[in-house]
Amino acid sequence: MPQFPGYPRDPKRFEVRPGIAMSYLDEGPRDGEVVVALHGNPSWSYYWRTLVAGLTDPAGGKQYRVIVPDHVGMGLSDKPDDYLASSPRYDYTLQSRVDDLEALLRHAGVDDGTPVTLAVHDWGGMIGFGWALKHAAQVKRLVILNTAAFPMPADKAMPWQIALGRDYFVGELVVRMFNAFSAGASWLGVERKMPADVRRAYVAPYDSWKNRIATIRFMQDIPLSPKDEAWPLLEAAGKALPAFADRPAFIGWGLKDFVFDHHFLERFRADLPQAEVHAFEDAGHYVLEDRHEVLVPAIRRFLDANPPNSD
């Protein structure tokens, strides 16, 4: 397996569905407090590497157990097709992602009685809070970074770059022929230029038409109205979000994100009014890339100060 700067050397694999393997990180002590970190599109578990290192470093004090999947079709996971005749075949839908997460955590021994800290970014918010609809009692703390867990705010317009991929075949051609979404995000998703080797790591899993299937299917699955397949799940997650206001929440936000902008941050502030908020004028969508020197220690302090069984 290629080595990526700052990324653990031994990701694990799990057959999440017949013939389809999911790659995932499971770092830190097995009996540590569990942090489940969920990436979005077009990144992969590499996005969380600095937080994984910060929470599992014995020099930092208490070590956490951090579980970070690569969603099917992303990162180092298998990238099956979705044609009806394909074998194995995968439905690239929000519900599939939620089901995969449930299967992975069960495989990892994270049962219904295990307290979980949910850390989410981008699509990770919709996946994580979709999973939490059935597992709310397990979710003891929240770490929320430039994401959504509710439908598009009414006063937020869909960026044309996303609409192109979601609604037009030419958008799929551009994404799958030229890796435009992943490559573009590695430049436009940050305010601080990524080192070249880090940028290459972000785009490395998406090196062919076949291997870019999930980057476009995620875009095409964005739920904007009740006619979209993912809408009921996202709508339910949004309605449930205020019920999480009674547990500790940490929000880290890059204000230069042209998709998950201040409209989304304001909704999280409203639904989670007690949250600890760190918003950065000099950070973009990949807020951990721009501000990990601040965010990783702050997230560790937040977790240390709010043990999962505290009231």
Side-chain angles (χ1 to χ4, degrees), residues 1-14 22-29 32-71 73-77 101 104 108 117-125 127-128 143-147 182-183 185-187 189-207 214-215 250 252-254 257 278 280 283-303:
M1 188 193 79
Q3 292 303 310
F4 304 103
Y7 192 72
R9 290 182 174 272
D10 57 346
K12 296 174 169 53
R13 290 180 73 79
F14 161 59
M22 170 181 274
S23 180
Y24 68 101
L25 301 176
D26 190 346
E27 301 290 314
E33 294 171 16
V34 176
V35 178
V36 177
L38 303 175
H39 72 82
N41 182 39
S43 61
W44 55 291
S45 58
Y46 188 73
Y47 175 77
W48 293 103
R49 70 195 184 284
T50 54
L51 185 63
V52 171
L55 295 184
T56 59
D57 182 359
K62 178 168 63 176
Q63 290 178 276
Y64 293 84
R65 181 185 181 191
V66 190
I67 299 173
V68 193
D70 280 338
H71 307 306
M74 308 297 285
L76 304 180
S77 289
L101 177 59
L104 172 64
T117 297
L118 201 56
V120 296
H121 178 253
D122 192 271
W123 268 92
I127 296 166
V143 176
I144 297 169
L145 309 178
N146 288 72
T147 187
S182 178
S186 70
W187 289 97
V190 290
E191 292 298 300
R192 182 172 63 186
K193 184 179 177 181
M194 288 184 189
D197 57 350
V198 170
R199 189 172 66 254
R200 286 194 295 269
Y202 266 95
V203 304
Y206 313 117
D207 58 356
T215 61
F250 179 103
W253 212 268
D257 189 336
H278 298 249
F280 303 96
H285 178 62
Y286 290 150
V287 64
L288 268 180
E289 293 299 332
D290 281 331
R291 301 295 286 170
H292 64 85
E293 297 94 338
V294 175
L295 281 171
V296 171
I299 292 169
R300 171 176 269 287
R301 286 193 299 270
F302 164 77
L303 297 178

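Keep in mind it's a predicted model, so treat the numbers as computed, not measured.
Between Ile299 atom CD1 and Thr50 atom OG1 the span is 8.0 Å, to the nearest 0.5 Å. Distance check, rounded to the nearest 0.5 Å: CG of Leu25 to OH of Tyr7 gives 3.5 Å. To the nearest 0.5 Å, atom CG of residue Asp290 and atom CG of residue Asn146 are 9.5 Å apart. From Trp48, atom CH2 reaches atom CG of Leu145 across 4.5 Å, with rounding to the nearest 0.5 Å. Interatomic distance, Met22 CE to Ser45 OG, rounded to the nearest 0.5 Å: 10.5 Å. Note that the CG atom of Leu104 and the OH atom of Tyr24 stand 6.0 Å from one another [nearest 0.5 Å].
Between Tyr46 and Asp70 the shortest side-chain heavy-atom distance does not fall below 4.5 Å. The shortest distance between side-chain heavy atoms of His71 and Ile127 falls below 4.5 Å. Side-chain atoms of Trp44 and Ser77, non-hydrogen and from C-beta on, never get closer than 4.5 Å to each other. Two residues are said to be in side-chain contact when any heavy atoms from C-beta on lie closer than 4.5 Å; Val35 and Val143 fail this criterion. Two residues are said to be in side-chain contact when any heavy atoms from C-beta on lie closer than 4.5 Å; Phe302 and Thr117 fail this criterion. Residues Val34 and Ile67 form a side-chain contact, since some pair of their non-hydrogen atoms from C-beta on lies under 4.5 Å apart.
In this structure a side-chain-to-backbone donor-acceptor pair under 3.5 Å is present from Tyr47 to Leu288. When atom types are taken as modelled, the side chain of Arg300 and the backbone of Lys62 share a donor-acceptor pair closer than 3.5 angstrom. Judged by distance alone, the side chain of Gln63 and the main-chain N or O of Thr56 form a donor-acceptor pair under 3.5 Å. Counting only distance, with no hydrogens or angles, the side chain of Tyr206 and the backbone of Ser43 share a donor-acceptor pair below 3.5 Å.
The shortest heavy-atom contact between Asn41 and Met74 is OD1-CE, 3.4 Å. Contact detail for Pro42 and Ser182: the closest heavy-atom pair is CG-CA, 3.6 Å. Heavy-atom minimum distance, Pro69 versus Ala37: CD-O, 3.4 Å. Among all heavy-atom pairs drawn from Pro11 and Ser23, the shortest one is CB-OG, 3.7 Å. Minimum interatomic distance between Leu101 and Val36 (heavy atoms only, all atoms of both residues): CD1-CG1, 4.1 Å. Of all the heavy atoms in Pro297 and Val294, the pair that sits closest is CD-O, 3.4 Å.
Every salt bridge (Lys or Arg N to Asp or Glu O under 4.0 Å) that Arg192 has, sequence neighbours left out, goes to Glu293. Arg65 pairs by the side-chain hydrogen bond (donor to acceptor under 3.5 Å, both in side chains) definition with Asp26, not counting sequence neighbours. Not counting sequence neighbours, Asp57 has no partner by the side-chain hydrogen bond (donor to acceptor under 3.5 Å, both in side chains) test. With sequence neighbours left out, Glu191 forms a salt bridge (Lys or Arg N to Asp or Glu O under 4.0 Å) with Lys256. Scanning for side-chain hydrogen bond (donor to acceptor under 3.5 Å, both in side chains) contacts around His278 gives Glu276, with sequence neighbours left out. For Glu289, the salt bridge (Lys or Arg N to Asp or Glu O under 4.0 Å) partners two or more places apart in sequence, or in a different chain, are Arg49.
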Show your reasoning for whether side chain to side chain contact (heavy atoms under 4.5 Å, CB included) applies to Thr147 and Leu38. CA-CA 11 Å; Thr147 187; Leu38 303 175; over 6 Å; no

Go through it in stages, so that I can follow the logic: the residues are Leu76 and Phe4, the test is side chain to side chain contact (heavy atoms under 4.5 Å, CB included), and I'd like the CA-CA distance, side-chain angles, deciding distance and then a yes or no. CA-CA 12 Å; Leu76 304 180; Phe4 304 103; 4.1 Å; yes

Dump the intermediate steps for side chain to side chain contact (heavy atoms under 4.5 Å, CB included) on Leu303 and Phe250, then the final yes or no. CA-CA 9 Å; Leu303 297 178; Phe250 179 103; over 6 Å; no

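Note: His121 and Tyr286 have tilted aromatic rings, judged against thresholds of 30 and 60 degrees for the angle between ring planes.
At most 12 non-hydrogen atoms from other residues, nucleotides or ligands lie less than 6.0 angstrom from NZ of Lys193.
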